[in-house]
Novice: 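Okay, handing you the structure first.
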Amino acid sequence: MLDPRQIRAEPERLKEIVRLRRVDPRKADVDRWLELDEQRRRLQSEIDNLNAEKKQVAAIGKSDPQAAREKGQELRERSREIDGQFDEVTREWNAILEWFPNWIDPDMPIGAGEEDNVEERAWIPVAGYLPPEKLGRANDSAKHMPQTPVHAEETEFKPLHHTELGERLGGIDTLQAGKVSGSRFAYIIGDIAVMQMAIQRLLTDELLRRSYQPIVPPLLVRERALFGTSHFPEGRDQVYEIKTDNVEEPLPLFLVGSSEPTNFSYFMDRTLDEAELPVRLFAVTPCFRSEAGSWGKDVKGIKRVHQFDKIEMNAVTAEGQSAGIYEEFREINEWLLQQLELPYRIVDKCTADAGYLATYRQRDVEVWLSGSREFMEVMTDTNATEYQARRLNIRYRTAEGGGLKHAHTVNDTGVAMGRLLIAILDNYQQPDGSVKVPEALRGLVGKERLAPKQG
RNA sequence: GGAGGGGUGGCAGAGCGGUUUAAUGCGACGGUCUUGAAAACCGUUGUGGGGCAACUCACCGGGGGUUCGAAUCCCUCCCCCUCCGCCA
């Protein structure tokens, strides 16, 4: 949500952003909004005047009720009419306001689609960071990434797709899951499940070491939580809505697609002290996504599933702190992938591809699948500045002067489990179909290598 | 699933149809006093909208209604608490 005063001050800049961010201009109609805004303010002052009159009449009524009655009834009629107009105007005013995207970072790359995303950096095990001249836009760095599984003992073999590796190792079963739950579900069993637990442990230990607060949030939430983070109204079809017949209250509940909405909603309608900011949190939760619109895409394996486990990192910050946290999250992302010795790149998302409305700046971290020779998104780091905090009404009292300000929110994927498992299977696969266990996980997994099941 | 009680300013807590929208206490902030502090005393102390401003309007869990007039009466929803039942 934007500050209406700032929209009035800079309508042309907002129009430009609506265009750049590819928001539907019929929904985010700045001119129409300005028109309604003017009407609304006019009606508001009419209401104010009527109320002032009503007060006077009521005061007369104290001593002479009969005299007040007639005038009062007339005023009531008129204010009903104007209230009605005001409500109607406000409804449309709000509906448009909800579709305005956040202001953007002046340094956000301008572009028409993902081909215009800018590569910030790329890293390869042992070799380290690619020199800047090998980075570019779109997939420019791909040709400089390893072309065979990086951790394989030999290079002369045909790498397998993660689905096949997972099946051979007896650790990923999408067939049986299909019977039980339908397409895009999976059972993860045995050693691969242990590997997931080990990844979780690796990262949670690091986050605890950094004094991040763990939180176990509700996963079924009301509409306001999803609206607050701007997953609604845009992404309404991306979440599952629970049928209301068998829930206690008649309000609809939604399964979260990420713990971000529910974590930030922990602070909804609260006023924090500047001294306690930034608050850094992480949650380990399942995530549920309908994947409407991508049915038929990535149907193999566990790359795109309806349910997956994720560690989410969130921060509620003061005004000047969000940019720093945005970098801190990136550092943690890099730390994890370097621990696991997985090649990756970081992409600065351009205006047309920068996620939901709340985005002020956004980057993706993409693992390089050296077996499949493609990048795969595993983390998304987003600075939403005060956009979400306005919707959720999260404020803080400033240290000096005691004024109130909206907090900033920053969110990042700590790790998307399924996809990280894919990355490990792909990059650590061996010619015989076995998969080495990344060094950093060996202690917890208790094995150096996962072997295919016989037969 | 059943029965009952309750939601008022940062907190506690009065008000239950008309002493401008909220008593009183605590806390917080400023001041007096003091070498300093405490105590005492004096003053200030909610949020949001509109306006350059003086100012003005709204808000007593949310929404709707009755009334000249609602924190106060009615309806409805939400939330919290207590007891019974069921349950990992």
Novice: Counting only Watson-Crick or G-U wobble pairs whose two distances fall under 3.5 Å, which nucleotide matches B/rU32?
Specialist: B/rA40
Novice: In whole Å, what separates the P atom of B/rC73 from that of B/rU82?
Specialist: 26 Å
Novice: Please tell me which of the listed nucleotides, B/rG50, B/rA58, B/rU47, lies nearest to the side chain of A/Asn51?
Specialist: B/rA58
Novice: Looking at A/Arg13 and A/Glu16, is any side-chain nitrogen of the basic one under 4.0 Å from a carboxylate oxygen of the acidic one?
Specialist: no
Novice: The side chain of A/Arg395 lies closest to which of these nucleotides: B/rC78, B/rG48, B/rC57?
Specialist: B/rG48
Novice: For B/rG13 and B/rC60, measure between their C1' atoms and round to the nearest Å.
Specialist: 13 Å
Novice: Taking only the side-chain heavy atoms of A/Leu404 (C-beta and beyond), determine which of B/rG48, B/rC78, B/rC57 contains the nearest atom.
Specialist: B/rG48
Novice: Between B/rU66 and A/Arg80, is there an OP1 or OP2 to side-chain N/O distance shorter than 4.0 Å?
Specialist: yes
Novice: Which of these nucleotides, B/rC68, B/rC57, B/rG50, is closest to any side-chain atom of A/Arg76?
Specialist: B/rC68
Novice: Expressed in whole Å, how much space separates the P atoms belonging to B/rC57 and B/rU24?
Specialist: 24 Å
Novice: Looking at A/Tyr266, is A/Arg270 sitting on its ring face, NZ or CZ under 6.0 Å from the six-membered ring centre and within 45 degrees of the normal?
Specialist: yes
Novice: Work out how far the C1' atom of B/rG18 is from that of B/rA70, and round it to whole angstrom.
Specialist: 10 Å
Novice: Both distances under 3.5 Å, Watson-Crick or G-U wobble: report the partner of B/rU24, or none.
Specialist: B/rA12
Novice: Could you state the atom-to-atom distance from CD of A/Glu77 to C1' of B/rU67 in whole Å?
Specialist: 13 Å
Novice: Once you round it to whole Å, what is the distance between P of B/rU56 and CD of A/Glu53?
Specialist: 15 Å
Novice: Considering only the P atoms, how many Å lie between B/rC59 and B/rG65, rounded to the nearest integer?
Specialist: 13 Å
Novice: Count the heavy atoms belonging to other residues, nucleotides or ligands that lie under 6.0 Å from CD of A/Gln213, then report whether that count exceeds 12.
Specialist: no
Novice: What's the closest nucleotide to the A/Arg41 side chain, out of B/rC78, B/rG51, B/rG49?
Specialist: B/rG51
Novice: Tell me the interatomic distance from A/Arg42, atom CZ, to B/rG51, atom C1', rounded to whole angstroms.
Specialist: 17 Å
Novice: Under 4.0 Å between a Lys/Arg side-chain N and an Asp/Glu carboxylate O for A/Glu319 and A/Lys405?
Specialist: yes
Novice: Taking CG from A/Leu43 and P from B/rG49, how many angstroms apart are they, rounded to a whole number?
Specialist: 18 Å
Novice: In whole angstrom, give me the gap between the P atoms of B/rA40 and B/rC26.
Specialist: 9 Å
Novice: Under 4.0 Å between any heavy atoms, over every strand shown, what does A/Gly72 touch: base, sugar-phosphate, or nothing? Just pick one.
Specialist: sugar-phosphate
Novice: Tell me which nucleotide among B/rC68, B/rC78, B/rA58 gets nearest to the side chain of A/Ala68.
Specialist: B/rC68
Novice: Considering only side-chain heavy atoms of A/Arg5, which listed nucleotide, B/rG50, B/rU66, B/rA58, is closest?
Specialist: B/rG50
Novice: Looking for any heavy atom pair under 4.0 Å, which part of the strands does A/Ala52 touch: base, sugar-phosphate only, or nothing?
Specialist: sugar-phosphate
Novice: How far, in whole Å, is B/rU19 from B/rU72 if one measures between their C1' atoms?
Specialist: 16 Å
Novice: Does B/rA70 have OP1 or OP2 sitting under 4.0 Å from an N or O in the side chain of A/Lys55?
Specialist: no
Novice: Does the side chain of A/Gln44 get closer than 4.0 angstrom to OP1 or OP2 of B/rG50 through an N or O atom?
Specialist: no
Novice: If the P atom of B/rA53 is compared with that of B/rG62, how far apart are they to the nearest Å?
Specialist: 28 Å
Novice: Can you tell me the Watson-Crick or wobble partner of B/rG46, both distances under 3.5 angstrom?
Specialist: B/rC59
Novice: When you match A/Arg8 and A/Gln73 each to their closest nucleotide on RNA chain B, which lands nearer the 5' end?
Specialist: A/Arg8
Novice: What heavy-atom pair brings A/Gly414 and A/Met379 nearest, and what distance separates the two atoms?
Specialist: O-CE, 3.2 Å
Novice: Determine, for A/Phe232 and A/Arg236, whether the Lys NZ or Arg CZ falls below 6.0 Å from the six-membered ring centre while staying within 45 degrees of the axis.
Specialist: yes
Novice: Over how many whole Å does the gap from A/Gln6 atom CD to B/rG49 atom P extend?
Specialist: 14 Å
Novice: Please give, in whole Å, the distance from B/rG63 C1' to A/Asp83 CG?
Specialist: 14 Å
Novice: Rounded to the Å, how far apart are A/Arg69 CZ and B/rU67 P?
Specialist: 10 Å
Novice: Which atom pair, heavy atoms only, marks the closest approach of A/Val316 to A/Ala407?
Specialist: CG1-CB, 3.7 Å
Novice: Does B/rG1 have a Watson-Crick or wobble mate here (both distances under 3.5 Å), and if so which one?
Specialist: B/rC84
Novice: I'd like to know if A/Arg391 pairs up with A/Glu98 as an ion pair, taking the criterion as any Lys NZ or Arg NE/NH1/NH2 lying under 4.0 Å from an Asp or Glu carboxylate oxygen.
Specialist: no
Novice: Whole angstroms only, please: what is the CG-P distance between A/Leu97 and B/rG49?
Specialist: 13 Å
Novice: What is the base-pairing partner of B/rA70, counting Watson-Crick and G-U wobble geometry with both distances under 3.5 Å?
Specialist: none
